[in-house]
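Here the structure comes first, spelled out in structure tokens, and everything after it is commentary.
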Amino acid sequence: MNKLITQEKSNKYYKILTHPLFMLMQTIMGIFCFIENAYILSFIFFGIIISICLILTEDLLVIFLPILLVSMSVLKMYGATVSDFLPLIPLAIIIVICIILHFILFKRKIIIGKQIKMLLGVSVALFIGGLGVITLREHFTIINMYYVLGLGFILTFFYLILRSYIICDDNHNPCEVITNIMLFVGLMGVIMILSVAVPSIIEGVYNYNVQWKNNLGTFMLFTLPFPFYKSIKSKYSYLWILYGLLLFIGTVLTLSRGAVIFGSVLFVLCIIYSFFYVNRYNRIFIATIVSITIVMIILLLVFNEGLRNAFFGRMDIDPNESRIKMYIHAIQSFLEHPLFGVGMGYQGLEELYSPQKGAMHWYHSTPFQVIASMGLVGVVAYAHQFYIRMEIVLKKRNSFNFCILLSFLGIQLMSLVNPGEFCPMPFALLLLTIITICEISNASKEQEINKYRILVV
């Protein structure tokens, strides 16, 4: 620690910056910026918050709520050009200076954690993917390097920083902080979709469509398990169970096919998870809420033709739709180039998919993305990554780790039909963060994270 910011001051600022009221204030601002399409204001406001956090406290977990909120507030910002971001150059310079100052003010030992080998393996697989297939010019484009390095070596660097600068001791509880962060992210997600769904439903339009539904759905699946974890830790269990139901309703209202299907699966798992831990009275409450919810859904689908047509119309899978063709194309690419695949910079999907500016040619599914882009090398690297992450999460069988397991499962399921974890920012970084927090809490000897345990056979 340094003379300017003492350990005592850093701990004091940490408590302020992680206080639920401060988080609520940020969330309200994020919602305002989203509804008013105030993208530049969002970047400026949350950029300033991030800069302040970097200077005042050594724990880097405090910057994640503003990072996630700004990511959500600009979800409608499609088709943006470089000129749109030019006013933000001074802010970017300030943030870079604050990052440098953070590491000068708060010097910590760099910890080489359990995930380093798997991340390096994935980094190599991403970088050599497409070897002998795509040209160097295609491989070293700015867009391709953003994804290859952002999912690989840069993410590995972030891991080293997170592993070293997320603190778990008597004054820092990363499990509690990440839980509150995810609860506020879920709140913003619900209000975002309600701002679209409610006016549409009032007008009798049930088959509304939002371009950002899959991204929002991914956020919602990340957050869905956390209210149920909170119900275990709080004496107001029933309120958190209702909050979990609210997040599930928000997930369904996105009308994202992946979010609706996998969100429903995850919701059932969350109910079972909560059911194991809460007392008998809350179990009765859970059973009652679930029963009422199921009956209401059935009645709405039976008696509201517009809602029924909209729902089942969205769930219908056309064998000729582009995603099915992309999956077939991925298998063909793997069979033709089984060792290294065709590379992340491969552009042979142009007839099937036209990405937004700044996006790569996704296969919209992690398994197909891996086999097509990286071949067997990628399969081995990503299988090893999955194994290590599961090993970390299941090392301690407590309620927090099971919550992380459900969140991890949510993003894995969503990534079966969407880019998901192949988006470096924010999804890959968020996934890395929650797994790293789980790793840190497992390794901590200063505090017992959870007293409630169950035996999993």
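If you read the sequence from its start, that first residue is 1, and numbering goes on from there. Since the structure is predicted, the reported quantities are computational estimates derived from the model, not experimental observations.
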Aromatic contact between [X] and [Y], with the criterion being ring centroids under 6.0 Å apart: yes or no?
X    : Y    : answer
F103 : Y165 : yes
F408 : F386 : yes
F267 : F248 : yes
Y39  : F43  : no

Over all heavy atoms of both residues, which pair between [X] and [Y] is shortest? Give the atoms and the distance, please.
X    : Y    : result
L247 : P227 : CD1-CG, 3.5 Å
G30  : S73  : O-CB, 3.6 Å
A259 : T254 : CB-OG1, 3.7 Å
M326 : Y363 : O-CD2, 3.5 Å
M192 : F34  : CE-CE1, 3.5 Å
V196 : Y208 : CG1-CD1, 4.2 Å

Answer whether the closest heavy-atom distance between the side chains of [X] and [Y] falls below 4.5 Å.
X    : Y    : answer
Y147 : L126 : no
V177 : M23  : yes
V185 : F226 : no
Q115 : I435 : yes
Y229 : Y273 : yes
N442 : C438 : yes
K114 : K395 : no
R389 : M118 : yes

Rounded distance (nearest 0.5 Å) linking atom [atom1] of [X] with atom [atom2] of [Y]:
X    : Y    : atom1 : atom2 : value
I55  : I99  : CD1   : CD1   : 10.0 Å
T156 : K117 : OG1   : NZ    : 14.0 Å
I437 : I166 : CD1   : CD1   : 4.5 Å
F427 : L432 : CZ    : CG    : 15.0 Å
M220 : L266 : CE    : CG    : 11.0 Å
S441 : F400 : OG    : CZ    : 5.5 Å

Residue among F368, F422, Y387 satisfying ring pair (Phe, Tyr, Trp, His ring centres under 6.0 Å) with Y382: F422
Is there a donor-acceptor contact under 3.5 Å from the side chain of [X] to the main chain of [Y]?
X    : Y    : value
N180 : P20  : no
Y243 : L183 : yes
Y327 : H364 : yes
S274 : C270 : no
S415 : T366 : no
S237 : I232 : no
T57  : L54  : no
N173 : C175 : yes
S10  : E58  : yes
N214 : G258 : no

Classify the angle between the aromatic ring planes of H102 and F106 as parallel (below 30°), tilted (30 to 60°) or perpendicular (above 60°). tilted
Criterion side chain to side chain contact (heavy atoms under 4.5 Å, CB included) on F219 and L68, from CA distance to verdict: CA-CA 9 Å; F219 273 114; L68 295 176; 4.2 Å; yes
Test side chain to side chain contact (heavy atoms under 4.5 Å, CB included) on F276 and F402; report intermediate values, then the result. CA-CA 11 Å; F276 269 105; F402 279 114; over 6 Å; no
So which pairs with a foot in residues 217-232 pass salt bridge (Lys or Arg N to Asp or Glu O under 4.0 Å), sequence neighbours left out? none
Salt bridge (Lys or Arg N to Asp or Glu O under 4.0 Å) contacts touching residues 237-246 (sequence neighbours left out): none
Walk me through whether I110 and R163 qualify under side chain to side chain contact (heavy atoms under 4.5 Å, CB included). CA-CA 8 Å; I110 297 300; R163 185 65 182 82; over 6 Å; no
Does atom CD1 of I142 have more than 12 heavy-atom neighbours from other groups under 6.0 Å away? no
Applying side chain to side chain contact (heavy atoms under 4.5 Å, CB included) between I161 and each of T436, L60, I111, report the one that passes. L60
Identified side chain to side chain contact (heavy atoms under 4.5 Å, CB included) counterpart of C53 within the set I49, L56, I50: I49
Do K76 and N37 have side-chain N/O donor and acceptor atoms under 3.5 Å apart? yes
Looking just at side-chain N and O atoms, do E439 and Y159 make a donor-acceptor pair shorter than 3.5 Å? yes
Let me see the working for I167 and Y14 under side chain to side chain contact (heavy atoms under 4.5 Å, CB included), right down to the final yes or no. CA-CA 11 Å; I167 306 165; Y14 172 84; over 6 Å; no
